[in-house]
Every structure is written in C-alpha cells, then in structure tokens.
Amino acid sequence: MGIYDTLNEQQKKGVFTTEGPVLLLAGAGSGKTRVLTHRIAYLIDELGVNAWNIMAITFTNKAAGEMKERVENIVGVGAESIWVTTFHSTCVRILRRYADRLGYDNNFTIYDTDDQKSVMKDICKRLKIDTKMLKERTILSAISSAKNELVSPEEYTLNAVGDYRKQKISQAYNEYQSALKKSNAMDFDDLIMKTVELFKTDGEVLGNYQKRFKYIMVDEYQDTNTAQFELIRLLADAHHNLCVVGDDDQSIYKFRGANIRNILDFEKVYPEAEVIRLEQNYRSTQTVLDAANAVICNNKGRKSKTLWTDKGEGGSIHFRQFENAYGEAEFIADDVARKVREGVTDYGGCAVLYRTNAQARLIEERFVVEGIPYNVVGGTNFYARKEIKDLLAYLKTIDNGRDDLAVKRIINVPKRGIGASTIAKVQDYADMWGISFYDALKRADDILGIGKSAVKLTPFVTMIQTFRSKLEFYGLEDLIRDIIKTTGYVTELEASGDEDAENRIENIDELISKIVAFEEIHDHPTLGEFLEEVALVADIDNVETGSSKVLLMTLHSAKGLEFPHVYLAGMEDGVFPAYLSIVSDDPEDIEEERRLAYVGITRAKDDLTICCAKMRMVRGETQINAISRFVKEIPAELMDNRPPAPRYVSADSAFESMSGDEQIKRYGFAQEPPYQAGNGAISRPRAVLSKGTAAENKPFIAGGGIGSLHGAGISKGVGAVTGGKPDYDIGDRISHIKYGKGTVTALEPGPRDYKVTVDFDNAGQKIMYAAFAKLQKI
DNA sequence: TAGTTGGGTTTTTTT
DNA sequence: AACCCAACTA
C-alpha cells in the first residue's frame with residue numbers, strides 16, 4: 001500500500017472519493033496539495049485512469065509546476081500527459097487551436113495591462129470621453145468586471161440604458177473590443193471569456209474536451225470568478241467528476257473578480273456533492289493557529305472550521321511598534337541578522353510580508369545597508385519594464401505585423417526622427433484602407449502629406465523584413481542580439497547617462513538569459529511560443545523557494561507559501577487594513593482584508609513577528625496610524641508584547657474582554673521598545689504631519705547615497721562580482737562625462753560590478769557602477 | 001521633433 | 001514620493 005498510509009483520515013477520503021463532485025475545504029497548511037497529487041496518483045495507479053483524461057487547474061505557473069513535479073515523483077511514467085496548468089494557459093492552449101472559429105487568427109497576441117491602457121487612451125480620444133471625469137483605468141476595470149461576469153459589449157449596452165456613465169463605458173467597451181479584434185489581440189479576461197464563448201457556441205469543440213477530461217481538479221477554488229466557474233462547469237458537465245479545493249477564509253482576490261459564492265454555493269449547484277474538511281494543520285504552531293483563528297472568526301458568512309495542530313504550542317508571537325517606518329525596517333533587518341548569527345535559522349527561512357509593494361523599498365534599503373541577501377517578489381513585473389517591453393515589441397512585430405500597438409511602440413525607439421504627426425498620418429491611411437499600421441508603413445510613399453518623413457519610414461520596414469527573413473536560419477538568441485545590435489538600443493542607453501541605464505542593461509541581459517533558457521528547454525523553440533510564455537508569467541513564478549535569501553513580498557503573493565520565520569510589516573489601520581477598505585461602505589471589504597491577515601499569519605511555521613509604526617510616509621505625506629485592528633483581535637496572551645491600551649475599543653476586540661486593570665497590568669510589563677501610555681493608539685488615520693521630504697525621519701541614511709541606487713536596481717540582493725577592479729582607488733581624482741570632476745570616496749564590490757562612490761565638485765555625491773560610469777582617472 | 005519643466009494625480013492587492 | 005502628462009523651448 002505504502003504511499004497512502006501517511007495520510008490522515010480526511011485526506012484519505014479526499015484521495016479516494018474520485019467519482020462525482022467533491023468540495024474539499026482545506027484550511028491553511030492542511031496538506032491540500034498532497035491530497036491533490038495523491039489523488040491523481042490514485043486515479044492513474046489504482047483506478048487505471050489514463051493520465052490523458054486528467055486535468056488539474058491552478059492559478060500560477062509556479063503552483064502548476066510544483067504539482068506536476070510532485071505527481072511525476074509519485075507516478076513516474078505517463079504523468080507528463082496530464083494537463084496541470086493555469087486557467088490562462090489552458091485557455092490559450094484551446095484558443096490557439098480554435099480561435100479562428102470566433103473570428104480571430106490562431107496566432108493572436110495577448111495584451112497586458114499596459115497595452116490595454118494604450119488602446120483605451122486612444123479610444124477615449126476618439127470618443128471624446130473626458131478622462132478627467134471618467135478615467136481610462138475606471139473604464140478598463142468596468143470592462144474587466146463585465147468580462148469576468150461574462151457580460152458581452154451588447155449586453156452591457158442593454159444594461160446601460162438611462163445611465164449616462166454606463167453608456168459611455170458601453171461605447172468604450174464596444175470600441176475596445178473591436179480594436180482588439182482588429183489587432184488580433186486578446187486581453188487576460190478575453191482568454192477566459194472567449195474560451196467560454198467558444199464552448200457555448202461550438203458543441204463539437206466542447207464535446208471533444210468534455211470527452212477528454214474525465215477527472216477535473218481545481219485548486220484555490222475560492223479565487224475563481226464567474227467566467228472561470230462557467231468554464232469548469234461546462235468542461236465537467238459530461239462526467240461530473242469535479243473536485244474543487246479551496247478555503248473560503250483565504251479568498252483574497254475579489255478585486256479581480258473572484259466570486260466567493262463559487263465556493264460557498266458549490267453544494268447548491270451540485271447538491272450531490274461530497275464535502276470533505278481538512279482541519280489538521282501540519283505547518284504552524286498552536287500559538288500561530290490560535291492567533292489566526294481568533295482573527296478570522298470575526299468574519300461573518302464563512303464556512304465554520306477550526307484548525308488544529310499537534311505540532312505543539314510554540315513560542316509567543318512577537319509584537320513591536322516603532323516610531324516610524326525606518327525604525328521598523330531597521331528592526332526587521334537587525335532581527336533577521338540576529339537570528340542568522342545565533343543559528344536560529346538561515347536567510348532563506350525568513351520572509352517579510354506587507355500590504356503594498358511600496359513598503360518594500362525602505363526594508364530593501366535597510367537590507368542593503370546591513371548586507372542581508374534578499375529577493376523582492378513583485379512590484380513591476382519583469383516583462384512590464386520599459387526596456388523589456390520595447391524589445392518584446394520588436395519580437396512581436398517580427399512575429400505578427402498585425403499588432404499595431406507593438407509596431408507603434410518601437411517605430412521611434414530608439415529615436416528615428418519619426419514624430420506624433422507622422423504616426424497619425426500613417427494611422428489615417430491605415431484606417432482609410434482598412435489595413436494594419438505596419439502594412440500602411442510599407443506603402444509610405446503613397447501616403448499624402450507625409451512629406452520627407454517617408455524616407456525615415458522605409459528603413460524601419462526594411463529592417464523588420466530583414467529580421468523576418470533572418471529568422472529562417474536564426475535562433476531566438478541570435479535574433480534578439482541582432483535586434484539589440486542593429487537598433488543600437490543598448491548603445492543608446494549607455495550614452496544616455498541615465499542613472500538607471502545600468503539597471504536597464506542588466507534587465508536586457510536577463511531577458512537574453514531567459515531566451516537562452518527557453519531555447520534549451522524546448523525542442524523546437526519558436527518566437528510565437530516564447531512570446532506566449534512570456535505573456536502569462538507572474539512574478540511569483542520565478543521565485544526559487546529554498547534559496548538562501550530573505551523573501552520580501554506582498555501578502556497576496558505569499559499565498560500558498562510557508563516560512564519558518566515570518567515578519568508582518570506595517571500592521572496599521574490605514575495601511576493594513578487599507579484605508580479604502582476602512583472607509584468603504586461595503587463591510588465585505590474589511591472582511592477581505594481580514595482574510596488577507598489570516599493568510600499572512602498562517603504563512604508562519606514557527607515564529608511570527610508583527611510590526612507597525614506610529615508614523616509613516618505614504619505618497620509623500622506623513623501619516624499617523626493606529627495599530628491595526630487585526631492585531632487587537634489576537635488574544636493578548638499569545639503575544640510577548642502588548643499594544644498600548646487603546647482609546648477606542650472595537651466591538652470585536654480582544655481587549656474588550658479584559659478589565660482596565662488587567663490592561664494596565666499587562667501593559668506595564670511591556671518590553672522594549674517602551675510604549676508611551678495613551679499616546680500611540682489614538683485612532684487618527686491619515687493625519688497629515690508634514691508635506692514633502694521628511695529628512696529628519698531618516699536616521700540611518702547618510703548623504704542620500706542609498707537613494708541613488710534606485711528601487712529596481714537593488715532588487716537582486718547580494719551576488720557575485722563579475723566586473724574587474726577599476727584602475728582608480730579611494731582618494732583618486734576622476735572625471736565623469738556628465739558630472740565633471742570629483743574625488744572617489746568609496747569603492748566596493750557590488751552585485752555585478754564595482755560600486756564606486758564619488759563626491760563630485762559640482763554635482764554632489766553619486767554612487768555608480770564602475771564599468772558603466774566610465775570614469776577617467778586624472 | 002526632442003527634451004525639459006511644471007503641474008496634477010495617486011485603486012492596495014494581479015493572472 | 002513617484003509618475004504621467006501637457007505645455008513650452010531649442
């Protein structure tokens with residue numbers, strides 16, 4: 001028997017209940033991935049199901065990859081033909097075969113949020129929509145919601161009658177959809193919606209897939225939206241062997257359309273469904289679980305469950321409040337360093353979680369100062385960076401000339417003297433003849449009123465055509481290197497003297513490595529496949545768990561992960577829960593934040609540290625925030641240090657049940673840093689103390705040096721030095737092409753190259769990379 | 001056409 | 001604070 005013996009009773013039930021609909025309510029850390037992988041193994045090994053008939057859907061490529069790997073480890077041969085993918089790649093795979101049945105080309109391109117915005121900007125201009133009143137982003141998110149709910153432009157129009165605002169949005173929606181179709185492009189939401197549309201209109205296609213997928217499993221079911229639900233429902237309609245796994249307490253994606261009712265109402269849709277609860281947690285200590293349970297039980301409308309563990313009580317949760325965010329960052333860095341020094345854990349055992357990406361910066365800066373290796377997950381997606389998007393636009397243009405957006409992006413990058421008016425004239429010509437922008441460029445000489453600009457357009461077209469013909473014998477790496485060389489993209493960056501040019505070049509090198517890796521993995525790598533893969537990666541996909549670096553990421557990104565030591569930073573009302581959710585009139589919003597807190601707490605295996613600051617700079621203004629209400633929901637006896645006695649007591653606060661004397665007594669035992677009684681916890685979210693720079697709040701940043709390293713550039717942490725040592729040293733006089741003469745004040749090995757600090761006579765202190773700065777010794 | 005500057009804005013979370 | 005955009009200048 002073997003492999004199933006290690007499962008507990010509930011897990012076994014989850015594995016062996018293979019027929020009919022199954023709802024697996026799996027609390028945090030209850031081993032749901034184990035159940036899923038063993039279930040697949042059981043289907044194949046014991047029931048003799050063909051691997052080809054099994055489908056498992058997750059949300060991220062990372063989760064899919066891990067699941068696939070684990071299944072392969074158990075099953076061995078045959079596992080590679082299981083569909084273990086994300087919703088989005090599943091749909092792309094289907095649409096690549098059948099998009100023509102919906103009037104698209106099968107080699108459609110995928111638009112990201114940036115692309116969507118460009119299209120919408122154009123449409124607003126054409127429709128004369130005042131973007132002060134109705135922002136592009138607002139329209140796009142309305143469209144996104146509509147698509148997530150499977151509402152077509154036509155239906156939207158019908159619903160918009162009598163509502164001016166909705167009518168405007170419906171016009172934009174219609175225009176947007178036809179613009180995308182014209183460019184042979186789909187956005188993320190289209191991928192799902194169009195697949196559903198395909199299934200609903202084409203019985204043959206649906207029938208094929210229904211026949212094929214006899215067993216379907218969906219992970220993170222609580223995060224599915226209506227369109228995804230419909231997709232799954234249609235696929236499972238023939239066999240009804242649908243197993244969904246989720247935890248309503250971890251539903252944190254309402255903002256992108258997740259419909260919590262999908263999991264809460266599963267039994268209504270499938271009355272014959274078997275419901276299995278996994279409540280034993282194998283991850284955290286009892287203390288951590290008690291805290292998580294205490295917080296989440298304040299939510300209404302959840303499927304009740306209580307996690308338990310036999311892992312033992314564990315240590316107290318640490319709580320620390322600081323004067324400002326700098327103090328918080330310093331503490332976290334010091335505490336991580338301390339734990340590593342004392343051998344409690346290594347860097348890879350620690351993670352810092354926060355509500356917003358912007359919070360990463362201060363912590364990052366402090367980690368650099370203390371030399372703590374780290375990785376930041378998220379922020380701007382690697383493939384959304386300007387330099388990467390530019391180069392990808394070249395690849396897209398070479399791959400699919402119908403992608404107007406890509407062509408327009410690069411027509412004047414690097415500068416070719418082609419301006420806005422020329423582009424507008426080409427576009428008019430393209431509209432007139434109903435051809436693509438790129439095809440219009442080919443006929444530059446025919447375009448009236450374009451004057452001498454035509455001379456500039458032809459070389460561009462020739463260049464693209466040359467690339468296309470070279471692709472016959474080129475590998476992708478050859479192509480990208482040729483593009484960089486021919487266009488002089490990197491050369492121009494180097495010459496720009498831009499402070500973050502060095503980072504951009506590093507990113508371009510990274511892109512080349514990714515292309516090389518792609519070519520190594522695939523037998524017959526094509527440009528189209530590469531672009532497709534790139535369109536669907538999330539930041540979290542590239543995180544190596546088990547590396548020896550501290551991970552910094554948002555609470556959202558952390559879902560599904562676990563760490564021995566977790567720091568929750570910025571636990572303040574207004575930061576977390578977010579200000580907008582506090583002022584929202586929909587009580588669901590705060591509940592969603594609370595679920596996020598639950599996710600955060602349950603990431604910790606052994607040790608949880610909660611931090612907050614009294615004062616923090618947010619969007620250029622200094623706010624005073626109260627300790628997060630979620631911290632107050634954690635029973636005081638679970639924590640080693642107490643928040644100050646609150647001035648106000650929320651209805652569900654743990655403090656309420658405590659007598660005043662008790663509060664003072666406990667509070668009196670507070671350890672460092674000492675709290676000032678009755679001073680810190682006044683509920684005054686968003687009080688503005690000062691505008692502009694708060695230099696006095698920066699105790700450990702000398703001379704602004706760290707600031708000039710720039711956010712994106714230090715996201716790699718500490719690594720190997722590849723550049724050679726320059727021919728100057730500390731104390732030498734040097735000269736720089738832009739900043740003039742100065743004295744070298746520091747020279748040290750950086751991530752890639754020597755980092756040199758120069759005190760310029762006229763430009764002040766700068767930190768730069770030696771190879772890039774091209775300093776001349778004088 | 002390109003580069004600079006000043007003014008206005010900021011959804012938090014992401015496939 | 002950081003970003004984006006429109007207006008202005010060379």
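By convention in this document, chain letters (A, B, ...) are assigned in the order of the sequence lines, proteins followed by strands, and residues within each chain are numbered from 1.
- To the nearest 0.5 Å, the span separating OH on A:Tyr111 from CG on A:Leu191 amounts to 13.0 Å.
- Counting non-hydrogen atoms under 4.0 angstrom, A:Lys117 reaches nothing in the nucleic acid.
- What separates CD1 of A:Ile192 from C1' of B:dT14 is a distance of 13 Å, to the nearest Å.
- Salt-bridge annotation for A:Glu492 and A:Lys415: absent, with no side-chain N of the basic residue lying under 4.0 Å from a carboxylate O of the acidic one.
- Closest to the A:Arg361 side chain, of the nucleotides B:dG3, C:dA1, C:dA2, is C:dA2.
- Across all strands, A:Asn357 comes closer than 4.0 Å only to sugar-phosphate atoms, never to a base (heavy-atom distances).
- Scanning all heavy atoms of the two residues, the minimum distance from A:Ile411 to A:Ile418 falls at O-CD1, 3.6 Å.
- The side chain of A:Thr554 contributes an N or O atom lying less than 4.0 Å from OP1 or OP2 of B:dT14.
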**OP:** Could you give me the CA-CA distance, side-chain angles and deciding distance for A:Tyr173 and A:Ile139, then say whether side-chain contact (heavy atoms from CB on, under 4.5 Å) is met?
**Re:** CA-CA 8 Å; A:Tyr173 187 7; A:Ile139 302 174; over 6 Å; no
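- Here the side chain of A:Lys415 is nearest to one of B:dT15, B:dT12, B:dG3, namely B:dG3.
- Counting any heavy atom pair closer than 4.0 Å across all strands shown, A:Lys62 reaches no nucleic acid atom.
- Using a 4.0 Å cut-off, no side-chain N or O of A:Thr113 falls inside it from OP1 or OP2 of B:dT14.
- For the pair A:Asp539 CG and B:dT14 C1', the interatomic distance rounds to 9 Å; values are reported in whole Å.
- Nucleic acid contact class of A:Ser421 (heavy atoms, under 4.0 Å, all strands): sugar-phosphate only.
- Distance, A:Asp589 CG to B:dT11 P: 16 Å, rounded to whole Å.
- Using atom P as the reference point in both C:dC4 and B:dT13, the two lie 15 Å apart (nearest Å).
- By the neighbour-count criterion of 12 heavy atoms within 6.0 Å, atom NZ of A:Lys166 is sparsely surrounded, having that number or fewer from other residues, nucleotides or ligands.
- The phosphate of C:dC3 has neither OP1 nor OP2 within less than 4.0 Å of any side-chain N or O from A:Arg619.
- Ranking B:dT13, B:dT12, B:dT1 by closeness to the A:His556 side chain, first place goes to B:dT13.
- For the residue pair A:Asn299 / A:Tyr598, no side-chain donor-acceptor distance below 3.5 Å is found, with atom types taken as modelled.
- Cation-pi geometry between A:Lys559 and A:Tyr253 is not satisfied (NZ or CZ under 6.0 Å from the ring centre, within 45° of the ring normal).
- Considering A:Thr138, A:Ile129, A:Leu134 in turn, A:Leu134 is the only one that fulfils the side-chain contact (heavy atoms from CB on, under 4.5 Å) rule with A:Ile169.
- Between A:Asp249 and A:Arg302 there is a salt bridge, since a side-chain N of the basic residue sits under 4.0 Å from a carboxylate O of the acidic one.
- Distance NZ (A:Lys194) to C1' (B:dT15): 18 Å, rounded to an integer number of Å.
- The distance from atom CD1 of A:Ile260 to atom P of B:dT13 is 21 Å, rounded to the nearest whole Å.
- Rounded to whole angstrom, the span from the CE atom of A:Met186 across to the C1' atom of B:dT15 amounts to 16 Å.
- When each of A:Ala538 and A:Asn412 is assigned the nucleotide of DNA chain B with its nearest heavy atom, A:Asn412 is the one assigned upstream, toward the 5' end.
- Between A:Ala325 and A:Ala613, the closest heavy-atom pair is N-CB, 3.7 Å.
- When the side-chain nitrogen and oxygen atoms of A:Ser557 are compared with OP1 and OP2 of B:dT13, none of them lie within a distance under 4.0 Å.
- Residue A:Phe188 is classed as a base contact, given a heavy-atom separation below 4.0 Å to a base.
- The distance between atom CD of A:Glu492 and atom P of B:dA2, rounded to the nearest whole Å, is 10 Å.
- For residues 247-256 of chain A, proximity to DNA chain B is found at A:Tyr253, A:Phe255, A:Arg256, defined as any non-hydrogen atom under 4.0 angstrom from a strand atom.
- A close approach under 4.0 Å does not occur between any side-chain nitrogen or oxygen of A:Lys135 and OP1 or OP2 of B:dT9.
- Applying the 4.0 Å criterion to OP1 and OP2 of B:dT1, one finds that A:Lys456 has every side-chain N and O outside that range.
- Contacts between residues 136-150 of chain A and DNA chain B, counted as heavy-atom distances below 4.0 Å, involve A:Arg137, A:Ser141.
- Of the two residues near DNA chain B, A:His88 and A:Ile423, the one whose nearest nucleotide lies more 5' is A:Ile423.
- The CZ atom of A:Arg595 sits 19 Å away from the P atom of B:dT12 (whole-angstrom rounding).
- Between A:Arg629 and A:Glu633 there is no salt bridge, since no side-chain N of the basic residue sits under 4.0 Å from a carboxylate O of the acidic one.
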